[in-house]
Amino acid sequence: MSFPLLTATAALPALGAIATAAVPAARRTAAKWLALLVSVATLALAAIQLVRFEPGGDRYQLTESHAWIKDFGVRYELGVDGIGAALIGLTALLIPFIIAAGWHDADPLETNSSRWRPTQGFFALILAVEAMVVLSFEATDVFLFYILFEAMLIPMYFLIGGFGDRAHSQGDEAAATQRSYAAVKFLLYNLVGGLIMLAAVIGLYVVAGSFSLSEIAAARAGGSLHMATNTERLLFLGFFFAFAVKAPLWPLHTWLPNAMGEATAPVAVLITAVVDKVGTFAMLRFCLQLFPEASKWATPVIVVLAVISIIYGALLAVGQRDIKRLVAYASISHFGFIIMGIFAMTSQGQSGATLYMINHGISTAALMLVAGFLISRRGSRLISDYGGVQKVAPVLAGTFLIGGLATLSLPGLAPFVSEFLVLVGTFSRYPVAGVIATLGIVLAALYVLVLYQRTMTGPVKAEVQGMPDLKVRELLVVAPLIALLIFLGVYPKPLTDIVNPAVRQTMSDVQKKDPNPVVEAAK
């Protein structure tokens, strides 16, 4: 029996979470190092997955399949395609940086506290989320995926509600209330989406007689599975609604600014760069593969909603006074690009959307973590409380600028490649949507450059006069992310080689081909 690499990649952070939570209360530093070492070991397993994955091989590789709940036909069934393998790599890459960035975010306020373990709980919850996200990218059984899709809400709820931004709200009861409100809103929105999805999962089993993606695909190919048009559309809507909440897509997005604003910066990165990617990934794996005709039927409306998300998120980011909420609304705009690329039904659009998931994760992590370092120094999230930071902390300002330029998709940085492909792929099939979406690029330049101007340039405010520059730990968090943004911006081939075969298979599922280019005849 071969080594179960997929199970090991998810089991390691799960076991690490249990071990971290069990560390004695007085050994907080040991708990931090244990969590960091577990996350690095998980990254090594994810790297082995990428090395062993063969882009030209079977659709799902490194597969595992075991009986789980026999009476209901549920199996513990895992497998990765190129998209899943790349997103597992992104998740495993970001978690060590999230842990290192939040090194002191959960230290107890009482220096002599030995009765409680907030530090251990904080890092254990992060590892638990990693385990569930990784396993959700691997699951090829619909019911198993649903369990993970819902279970990851529990540790995220406690991370948002129990470990807020203390630099901003220490001792403030109103801020604690806002934090609880954000956590409950996050939970309720996603639970409602999940319950609707559960009804669709049950409906799928009634129609298909299986939860296995491979079995359902084989039944479709063999002609033994036929879904009535209305049935397929209803099931599609049940799945898509849950994924659109998670993504998030306008108008189901309102939980995200609250959650990111009230969470610590590392947890905000965990939300938008890791957890939310499960929603867009699932659109590719489940919506398009299980319900191809319904996906094509819903495409025009979804493309319109995605364009609204792009413009709406960017406009609200322009008007924000809160740094973290600005990044949250920018992420809503970026998720609009991802969803538009997925449902453009072109190979360029879907390749760009997949790259966008990865590049957005890296760029948002870089920008938000530097913003967190900035906020922890000043104790405020308000843009108006800063000014002239680049004169007293030039390295912090420089990394903040690069993260911001990546967010606006500057050529030469990784997000540019993905955004360009999404727009090209969309324009070839939906030119009006492609043209309107380009306005999001202009607005992105506006909110990023205005943010930098107001916080980093101009006269040095008295409150930031003695602000220290980035420390060694903080540099070790940010520098690799910046380097990766530059590398993938110049040479994206390692990623495109992995994801393009999976994109071609998805295009085959929905029986779509790229539009032929229109060439005007010479007069």
Side-chain angles (χ1 to χ4, degrees), residues 189 192-193 196-197 200 229-230 232-257 276-277 279-284 286-288 290-318 328-354 356-357 360 409 418-444 503 506-507 510-512 514-515:
Y189 266 66
V192 169
I196 293 174
M197 180 183 169
T229 299
N230 289 336
E232 182 174 345
R233 291 177 179 179
L234 287 172
L235 294 178
F236 167 85
L237 290 174
F239 277 79
F240 180 79
F241 183 86
F243 303 152
V245 172
K246 183 84 78 178
L249 177 69
W250 184 91
L252 306 171
H253 66 283
T254 58
W255 63 267
L256 183 65
D276 287 355
K277 298 301 187 299
T280 47
F281 164 80
M283 291 178 188
L284 282 165
F286 296 102
C287 287
L288 270 61
L290 293 174
F291 316 109
E293 295 303 320
S295 297
K296 290 185 283 188
W297 162 75
T299 286
V301 174
I302 295 173
V303 169
V304 170
L305 293 177
V307 171
I308 293 173
S309 285
I310 292 168
I311 305 304
Y312 173 86
L315 284 173
L316 265 66
V318 170
Y329 280 110
S331 291
I332 291 170
S333 181
H334 295 150
F335 275 104
F337 276 107
I338 294 170
I339 296 170
M340 185 176 73
I342 291 171
F343 285 90
M345 300 292 184
T346 60
S347 57
Q348 299 98 328
Q350 291 189 358
S351 292
T354 304
Y356 216 134
M357 291 187 229
H360 169 264
S409 299
S418 43
E419 195 164 282
F420 177 78
L421 286 173
V422 166
L423 289 172
V424 168
T426 302
F427 187 82
S428 64
R429 200 178 292 278
Y430 301 101
V432 174
V435 169
I436 297 174
T438 57
L439 180 59
I441 302 174
V442 179
L443 294 173
V503 167
T506 303
M507 290 287 290
V510 294
Q511 298 180 350
K512 280 283 191 177
D514 291 331

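- Note that the CG atom of L252 and the CD1 atom of I332 stand 11.0 Å from one another [nearest 0.5 Å].
- Nearest approach of I339 to A247, heavy atoms of both residues: CD1-CB, 3.9 Å.
- The structure places CZ of F286 at 10.0 Å from CZ of F291, a figure rounded to the nearest 0.5 Å.
- Summarising the geometry, atom CE belonging to M340 is positioned 8.5 Å from atom CD belonging to E419; distances are rounded to the nearest 0.5 Å.
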If you apply the rule side-chain contact (heavy atoms from CB on, under 4.5 Å), what do you find for R233 with T229, and how did you get there? CA-CA 6 Å; R233 291 177 179 179; T229 299; 3.5 Å; yes

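- In this structure, the separation between OG on S295 and CD1 on I302 is 7.0 Å, given to the nearest 0.5 Å.
- Between H334 and H360, the two ring planes are perpendicular [angle over 60°; tilted spans 30° to 60°].
- Ring geometry for F240 against F236 counts as parallel: the plane angle stays under 30°, on a 0 to 90° scale with 60° as the upper cut.
- Closest approach of W250 to S309, counting heavy atoms only: N-OG, 2.8 Å.
- Taking CZ of F335 as the reference point, atom CG of L249 lies at 11.0 Å (rounded to 0.5 Å).
- Remark: side-chain polar atoms of S333 are not paired, donor with acceptor, to backbone N or O of G313 under 3.5 angstrom.
- Nearest heavy-atom pair, A314 versus L443, reported as atom, atom and distance to 0.1 Å: CB-CB, 3.6 Å.
- For the pair Q348 (side chain) and V424 (backbone), a donor-acceptor distance under 3.5 Å is absent.
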Run the numbers on I338 and V422 for side-chain contact (heavy atoms from CB on, under 4.5 Å), then give the verdict. CA-CA 7 Å; I338 294 170; V422 166; over 6 Å; no

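- Scanning both residues, I311 and G440, for their nearest heavy atoms gives CD1-N, 3.8 Å.
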Could you walk me through whether M345 and Q350 pass the side-chain contact (heavy atoms from CB on, under 4.5 Å) check? CA-CA 7 Å; M345 300 292 184; Q350 291 189 358; 4.2 Å; yes

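- Nearest heavy atom pair, residue S418 against residue Y356, reads CB-N, 3.3 Å.
- Contact detail for P248 and D276: the closest heavy-atom pair is CD-OD2, 3.9 Å.
- A side-chain N or O of T254 and one of Y189 form a donor-acceptor pair less than 3.5 Å apart.
- Applying the side chain to side chain donor-acceptor pair (under 3.5 Å) test to residues at least two apart or on different chains, none of the pairs has a partner in residues 426-439.
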Please lay out, stage by stage, how V192 and V245 fare under the test side-chain contact (heavy atoms from CB on, under 4.5 Å). CA-CA 9 Å; V192 169; V245 172; over 6 Å; no

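- The distance from atom CD1 of I196 to atom CZ of F241, rounded to the nearest 0.5 Å, is 4.0 Å.
- Residue Y312 qualifies as enclosed at atom OH: its count of foreign heavy atoms under 6.0 Å is above 12.
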